[in-house]
Asks: 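Below is one structure. I have some questions about it.
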Amino acid sequence: MSATYDPHVVERAVQNAWDSARCFEAGESGTGEKYYCLAMFPYPSGQLHMGHVRCYTLGDVINRYHRLKGYNVMQPMGWDAFGLPAENAAIRNGIPPAVWTRDNINYMRGQMQRLGFGFDWSREFATCEPEYYHWEQWFFIKLYEKGMVYRKSSVVNWDPVDQTVLANEQVVDGRGWRSGAPVERREMPQWFLKITDYAEELLAELDRLDGWPESVKSMQRNWIGRSEGVNIDFPVSGTDQRLTVYTTRPDTLMGATYVAVAAEHPLARRAAERSPEVAAFVEKCRNLKTAEADVATLEKQGVPTGLTVDHPLTGERLPVWVANFVLMEYGSGAVMSVPGHDQRDWEFARKYRIAIRQVIAPAGDEPCDLDQAAFTTYGRLMNSGAFDGLTSAEAFAAIADALAAKGLGERATHYRLRDWGVSRQRYWGCPIPMIHCPSCGVVPVPERDLPVVLPTDVKFEGVRSPLTTMESFYRVDCPKCGGEARRETDTFDTFMESSWYYARFACPDANTPMLDDRADYWTPVDHYVGGIEHAILHLLYARFFHKLMRDHGLVHSDEPFTRLLMLGMVLKDGRKMSKSSGDAGNPQALLDKYGADAVRTAMMFAAPPDQSFEWSEAGVEGQARFCKRLWNQVHEHLAQGDVPALDPTALSDAGRELRRKSQETLLRADDDYGRRLTFNTVVSAVHELVNAVSRMEPGNDADRAAVREALTIAVLVLSPIAPHVCQNLWHALGQEGLLVQARWPEVDHAALVQEALELVVQVNGKVRGKVSVPADADEAAMREAALANENVVRFVDGKTVRKVISVPGKLVNIVVG
RNA sequence: GCCCGGGUGGCGAAACUGGUAGACGCGCCAGACUCAAAAUCUGGUUCAGGAAACUGAGUGUCGGUUCGACUCCGACCCCGGGCACCA
């Protein structure tokens with residue numbers, strides 16, 4: 001046994017031992033309850049950054065802890081391999097995306113192995129492999145056949161110079177990032193998945209996801225955005241057409257003084273034909289960005305169309321405006337405007353001198369001054385004819401009924417959630433398995449012709465997808481009529497791949513069909529770990545996909561992820577790591593210098609998992625020092641010779657105290673690992689235990705048995721976090737076998753019992769002293785001990801004791817006046 | 001703009017159910033060892049006053065509830081994440 005600690009030697013040896021024992025290869029027949037532990041797979045961007053290190057260390061800690069607790073654990077790893085950065089690399093350096101991606105995967109896999117993550121590499125796959133996306137295409141066609149897929153026009157960012165669609169990220173200050181040309185809105189036919197059909201279930205089941213953080217459920221609830229309202233039809237004056245708007249505030253209907261439509265709305269187009277002013281405004285709106293945040297912060301502008309609609313109850317003519325804040329994609333592309341009771345409408349009305357009418361009076365004493373702001377809370381109706389005096393709630397029903405009676409409105413449940421547009425006009429993605437035939441229309445690729453393989457021998461000329469000009473790809477015969485047809489050249493949104501990979505890990509080689517029985521054994525994922533940036537989109541799409549797969553009989557649970565750990569960001573210079581470029585945050589240098597255990601421990605110790613923090617290398621050296629101290633402590637202890645069997649009755653006071661600390665550490669770490677998921681406090685607890693050992697005087701033989709126990713517990717408790725050095729020391733301490741196959745010990749509760757407790761004594765809520773009392777002291781004894789304290793007497797003397805509050809085992813507060 | 005988080009020493013943080021604010025670590029200071037340095041070990045380290053005992057202040061700001069508030073309530077300020085084509 002080498003006396004000095006060399007993390008590189010230790011880590012290589014321990015990793016070799018794991019490999020020969022194949023201890024992370026999971027099977028369906030393993031003993032113990034199954035536990036599927038999954039950390040979000042990475043995009044292979046080049047090298048790991050510290051955000052990855054955090055995520056996968058956390059996942060691995062959970063994996064290893066559950067092994068110690070006797071579960072049959074599966075922790076797979078793979079690659080979310082399609083995406084924009086590979087294309088950018090191709091455009092910039094001429095490296096084909098497939099090559100770039102494969103190189104990155106190989107490098108990053110090596111880094112993960114160096115970090116000692118207990119992944120089951122036999123299940124590895126990358127989503128860019130045809131064996132994977134084959135089944136995505138197959139399932140998409142099944143969904144198409146079921147009517148869950150449809151095609152409609154949707155707006156994209158269009159770069160008129162590069163003649164290509166841009167991602168929101170590629171639009172910088174309203175211009176294309178490469179061409180610098182002002183970006184335009186352009187409508188294109190695109191494929192959509194009907195996620196809105198599942199809106200109600202996606203919302204309702206959040207209430208049953210007890211293992212999810214409340215904040216994530218809240219974000220998803222708000223995103224789905226269920227509301228109760230009324231669809232109201234405004235007849236277009238002098239025509240038999242109707243303009244439909246949705247409102248959650250039908251009680252304010254009598255205060256509507258105009259309606260506003262989107263620039264792409266048919267009424268706006270019609271007005272633009274007659275009015276150059278409207279046409280100019282509509283044209284200006286073509287440069288609006290597509291991101292909601294941009295629209296929401298936009299200066300609100302509009303022009304009157306000259307058209308009017310008839311108020312559905314009074315027949316009053318209301319002007320129709322085109323406004324830049326109304327978007328065709330949301331609802332019906334038109335809104336009714338009630339400036340008296342909606343702040344945005346109020347600001348618009350003030351700007352363009354449109355009438356502001358009060359129809360709701362405050363029910364209580366809320367301030368209401370329509371010269372200052374809209375009154376947006378519920379109240380009682382006024383200036384509303386027959387509805388005057390009703391509360392907002394009563395008026396909701398009465399006005400909805402009145403509209404229904406006239407055939408001009410009906411109650412409606414509305415969701416903010418929109419259908420999922422899955423088409424991307426890009427190369428490096430899964431080909432959408434559809435064919436466009438001039439005579440048959442849209443024809444899905446027949447099952448026997450799947451997968452539609454993405455050609456990888458491509459050259460980028462400019463920034464457009466090479467598929468659009470690759471005749472060998474797009475020219476096909478129509479499967480129906482045999483005539484000349486054109487293959488779809490759009491690819492899927494990469495969220496498609498990440499929406500079902502967790503299920504594929506259960507059976508990565510299944511080929512008939514996309515999943516097999518093994519998916520039922522392993523899913524749902526028991527613990528899913530990933531960044532908070534995925535709290536809405538990825539998790540919502542994956543939940544949706546799980547329900548789609550359930551309804552196709554592929555899985556038999558309702559939700560994919562039972563427990564969810566949402567990690568905070570790892571920041572570097574105030575920016576999130578995954579957005580950083582280059583070597584910023586690459587852990588390689590740290591691994592080379594300090595080893596994996598130090599890096600892992602420092603990362604776990606830095607902050608609790610759900611908290612964002614700024615990464616600093618300062619902590620790594622400290623944890624490397626700790627690993628070394630632990631090593632030295634163990635070897636110093638071993639040098640003192642054999643220890644007798646532990647005999648609790650033979651211990652000195654210090655020995656008993658150390659045993660209590662050991663057992664407390666076991667108890668506390670179990671709770672931190674299993675329930676609280678605060679691994680930073682596990683590291684602290686182990687530090688404290690090791691500090692306690694180093695403070696132990698080299699006592700009698702019986703005490704040395706307590707030291708042996710303390711060190712063994714420290715090594716076991718720390719092992720999920722620093723698995724290599726702990727495995728090595730576990731063996732050195734005379735324990736048999738691999739630590740990953742050991743069991744978490746039972747706590748010896750007898751060792752936790754204390755004879756005396758320290759009480760805090762407060763006077764008027766301020767700490768004035770501490771006293772020691774027997775553990776079973778009653779209130780009277782606590783009070784007596786407290787009042788006997790010299791410093792306490794100084795503050796109580798000469799005053800009347802009005803009240804004494806005693807919290808057994810904690811404190812006594814003496815209230816004097 | 002909307003939704004969701006967060007704000008505690010020089011720094012990362014701890015305080016879990018309203019009960020000792022600053023555990024544990026980094027950094028720094030002092031000491032031991034050393035010809036010296038590194039490494040290691042020991043002690044100190046919220047701020048102000050004090051030799052010390054101890055006292056006062058203190059958890060983004062302002063106000064409230066309570067015997068007692070980092071923790072609960074109200075208002076506000078600042079920072080981060082998401083906003084549907086970054087992943």
Side-chain angles (χ1 to χ4, degrees), chain A residues 40 42-43 45 80 82-85 154 156-157 165-171 190 213-223 225 290-298 325 329 344 417-426 493-495 498 531-538 540-541 566 568-569 571 574 576 578-579 602 605-608 610-616 618-623 625-626 628-629 632 671-672 675-676 678 680-681 683-688 691 694 758-767 769-770 791 794 802-805 807 810-816:
Chain A
M40 291 178 183
Y43 178 78
S45 52
D80 187 16
F82 279 136
L84 211 46
S154 176
V156 293
N157 301 309
V165 174
L166 298 177
N168 284 335
E169 193 188 50
Q170 298 172 308
V171 181
Q190 319 225 34
E214 210 42 62
S215 59
V216 173
K217 289 192 279 187
S218 179
M219 279 188 254
Q220 294 218 348
R221 276 189 199 102
N222 291 326
W223 184 264
T290 54
E292 189 192 310
D294 295 317
V295 175
T297 51
L298 193 77
F325 58 84
E329 294 88 61
R344 187 183 61 188
L417 180 68
R418 310 197 303 262
D419 278 337
W420 178 12
V422 295
S423 297
R424 296 292 180 271
Q425 296 70 39
R426 285 186 233 300
D493 177 4
T494 57
F495 276 127
S498 55
I532 184 70
E533 68 273 23
H534 294 296
I536 297 179
L537 289 180
H538 162 61
L540 193 66
Y541 292 145
M566 289 271 87
M569 297 282 165
L571 307 168
K576 84 190 215 200
S578 53
K579 292 269 185 190
F605 186 56
D610 55 3
Q611 191 171 311
S612 295
F613 70 97
E614 184 96 7
W615 171 251
S616 134
V620 182
E621 193 167 348
Q623 296 312 316
R625 191 148 51 205
F626 175 72
K628 193 166 163 186
R629 249 183 67 208
N632 289 340
D671 190 46
D672 287 353
R675 180 182 64 90
R676 297 180 66 208
T678 52
N680 53 331
T681 53
V683 178
S684 296
V686 174
H687 282 172
E688 285 186 45
N691 288 348
S694 69
E758 188 179 69
L759 284 186
V760 165
V761 186
Q762 299 181 330
V763 179
N764 286 347
K766 281 186 191 292
V767 179
K770 288 162 195 177
N791 198 45
R794 282 174 50 209
R802 301 203 184 276
K803 204 176 183 181
V804 177
I805 289 133
V807 183
K810 287 252 165 83
L811 63 68
V812 176
N813 186 12
I814 301 159
V815 185
V816 298

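Proteins come first, then strands; the chains are lettered A, B, ... in the order of their sequence lines, and each starts at number 1.
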Asks: Partners of A:E329 by salt bridge (charged side-chain N to carboxylate O under 4.0 Å, His left out), sequence neighbours excluded?
Replies: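 Counting only residues at least two positions away or on another chain, A:E329 forms a salt bridge (charged side-chain N to carboxylate O under 4.0 Å, His left out) with A:R185.
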
Asks: Holding to side-chain hydrogen bond (donor to acceptor under 3.5 Å, both in side chains), I want the full list of residues that pass it with A:T290, two or more places apart in sequence or in another chain.
Replies: A:N157, A:N168

Asks: Taking atom P in both B:U71 and B:U65, compute the distance separating them and give it to the nearest angstrom.
Replies: 15 Å

Asks: For A:R676, what residues pass the salt bridge (charged side-chain N to carboxylate O under 4.0 Å, His left out) criterion, not counting sequence neighbours?
Replies: A:D672

Asks: In whole Å, I'd like the distance from the CG atom of A:L417 to the C1' atom of B:C2.
Replies: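 Distance, rounded to whole Å: 16 Å.
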
Asks: For RNA chain B, what is the dot-bracket line, given that a base pair needs Watson-Crick (N1 to N3, plus N6-O4 or O6-N4) or G-U wobble (N1-O2 and O6-N3) geometry with both distances under 3.5 Å, and | means paired with another strand?
Replies: (((((((..(((......[....)))((((((.......))))))((((....))))..(((((..]....))))))))))))....

Asks: Which atom pairs link the protein and nucleotides 24-29 of chain B when you take only N or O atoms and keep those under 3.5 Å?
Replies:
| unit_1 | atom_1 | unit_2 | atom_2 | d |
| --- | --- | --- | --- | --- |
| B:C24 | O2' | A:H687 | ND1 | 2.5 |
| B:G25 | OP1 | A:N691 | ND2 | 3.2 |
| B:C26 | OP1 | A:R625 | NE | 3.3 |
| B:C26 | OP1 | A:R625 | NH2 | 2.8 |
| B:G27 | OP2 | A:R625 | NH2 | 3.1 |

Asks: What pairs with A:E292 under salt bridge (charged side-chain N to carboxylate O under 4.0 Å, His left out), at least two apart in sequence or on another chain?
Replies: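 With neighbours one apart ignored, the set is A:R416.
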
Asks: When rounded to the nearest Å, what value does the distance between P atoms of B:A38 and B:A87 take?
Replies: 50 Å

Asks: When the distance from CG of A:L811 to P of B:G68 is rounded to whole Å, what number comes out?
Replies: 13 Å

Asks: Starting at the 5' end of nucleotides 46-58 of chain B, put B wherever the base has a protein heavy atom under 4.0 Å, S where only the sugar-phosphate does, and a dash everywhere else.
Replies: --------SSSS-

Asks: What does nucleotides 3-8 of chain B look like as a protein-contact string, B for base, S for sugar-phosphate only, - for none, at under 4.0 angstrom between heavy atoms?
Replies: SSS---

Asks: Please state how far atom CG in A:L537 lies from atom P in B:G81, giving the value in whole angstrom units.
Replies: 16 Å

Asks: Can you check the A:R675 CZ to B:U17 P distance for me, whole Å?
Replies: 7 Å

Asks: Rounded to whole angstroms, how far apart are OH on A:Y541 and C1' on B:C86?
Replies: 13 Å

Asks: Pair A:R629, A:N691 - check side chain to side chain donor-acceptor pair (under 3.5 Å), show working.
Replies: CA-CA 10 Å; A:R629 249 183 67 208; A:N691 288 348; 2.4 Å; yes

Asks: Can you list everything that forms a salt bridge (charged side-chain N to carboxylate O under 4.0 Å, His left out) with A:K628? Sequence neighbours excluded, please.
Replies: none

Asks: Of all residues at least two apart in sequence or in a different chain, which pass the side-chain hydrogen bond (donor to acceptor under 3.5 Å, both in side chains) check with A:Q170?
Replies: none

Asks: Ignoring backbone atoms, establish whether A:K803 has a side-chain N or O less than 4.0 Å from OP1 or OP2 of B:C67.
Replies: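 Yes, A:K803 has a side-chain N/O under 4.0 Å of OP1/OP2 on B:C67.
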
Asks: For A:Q762, give me all partners under side-chain hydrogen bond (donor to acceptor under 3.5 Å, both in side chains), at least two apart in sequence or on another chain.
Replies: none

Asks: Is there a side-chain polar atom (N or O) of A:T681 under 4.0 Å from OP1 or OP2 of B:A14?
Replies: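 It does not, given that no N or O in the side chain of A:T681 lies less than 4.0 Å from OP1 or OP2 of B:A14.
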
Asks: Only counting residues at least two apart or in another chain, list the ones meeting side-chain hydrogen bond (donor to acceptor under 3.5 Å, both in side chains) with A:W420.
Replies: A:D493

